[in-house]
Structures are given as structure tokens and as C-alpha cells.
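Notes follow once the structure below has been shown.
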Amino acid sequence: MSGALQISEFTPQPAMTNEEITAAVSRLPARNPAVIAVKRALSNAADRVCSPMETLVRRMVATQGFSEPSLNHPVMIEGELAYPDLSWPELRVGLEYNGEIHLLDRRTYGTEMNRIRTFQDHGWDLNILVLDDLEDPALRWKWMQWLAEKLNRGSQRAS
């Protein structure tokens, strides 16, 4: 569902919404294994997701009962748009997943660190997650506790 993924040998197609894919799949044989797989994948899909790991983090957050985050929500900071991976914009709380590219490419890492610092300078609480944070139960518990504290504190301030 990401418009960012394109194969150079083919004419780029516009990104489709979950509803458009569901409508297209509904016209196919319901018992076809590929149709079943697409329907299963659609139940976990969301618009405005830029990576499979963002989907994984979103699903992990949802299974713990947290409110649904905004995905790649546009935030105007210093005259430029920035997009936290998952966020609760009204509370200025977000989760960022940093994958292997952030480790391997010095320029990508530097740009990301500056972006995170800019968010923090404007009152955002961001937790930067890496693969170990998702795989290790102790680390996963730690960032889930962090998120619970941030969302609970924010909801108390709002009421």
C-alpha cells in the first residue's frame, strides 16, 4: 500500500487504499489461496505506512491495548514537514523504528539524529526502536512501559 515502492521495469501504479484493494479482491474467487492471503494481510494493513517494521510496531502496540497511533503524521517543525513513524500528535509522543540503513549509512544516521533532536527540541517525546527492542522480551517490556507512562501522563493532562 506504499506509493514509495516501485519497480523500474514497470509503469508505476498509484498507491491503493485498503478499501480499493478489498474491493478488487472481492471480485476474485474467495477460496483461492492468494486471495485468502491478501485478505489476511489486509486485516493488518494501514494507510500511510512506509515499512513493514512500522506495521509490526503498530500491531505490537495495538495488541497491548494502546490507542491507535497516527502513522507518518505530518508535523510542521521550523517550516518543514517531519513525519514520526507512529505518533500520538495531541500528546507529542512518538515511536520511531530505525532499521539497518541507520546503522550502515553514516549520512542517513546523521540526518535521522538531527531530525530526532529537532522533534525533541520542540517538545516531543520520541522513543527510538531497533530490532532488538522488538525481539527481546525485556527490552520490549521496557519501551511498552515507557509508552504507557507517556500516554497515561498525557491523557491525565488533557482531562
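Looking only at distances, a side-chain donor or acceptor of Asp133 sits under 3.5 Å from a matching main-chain atom of Val130. Under the 3.5 Å distance criterion, the side-chain polar atoms of Arg31 are left unmatched by any main-chain donor or acceptor of Ile36. The closest donor-acceptor contact from the side chain of Glu96 to the backbone of Asp85 lies under 3.5 Å. Between the Thr63 side chain and the Met60 main chain, a donor and an acceptor come within less than 3.5 Å of each other.
Between Leu147 and Phe66 there is a side-chain heavy-atom pair separated by less than 4.5 Å. Counting heavy atoms from C-beta outward, Trp88 and Ser70 have side chains that stay 4.5 Å or more apart. Considering only heavy atoms from C-beta on, Val75 comes within 4.5 Å of Trp124 through its side chain. Side-chain contact check for Lys150 versus Leu91: every heavy-atom pair is 4.5 Å or farther apart.
Remark: Arg140 does not engage Glu135 in a salt bridge, criterion side-chain N to carboxylate O under 4.0 Å.
Counting heavy-atom neighbours within 6.0 Å of Glu80 CD, excluding the residue itself, gives a total of 12 or less.
Grouping the Ile, Leu, Val, Met, Phe, Trp and Tyr side chains by contacts below 4.5 angstrom, directly or via other members, places Val61 with Leu131.
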Run the numbers on Trp146 and Asp125 for side-chain contact (heavy atoms from CB on, under 4.5 Å), then give the verdict. CA-CA 10 Å; Trp146 176 90; Asp125 284 318; 3.9 Å; yes

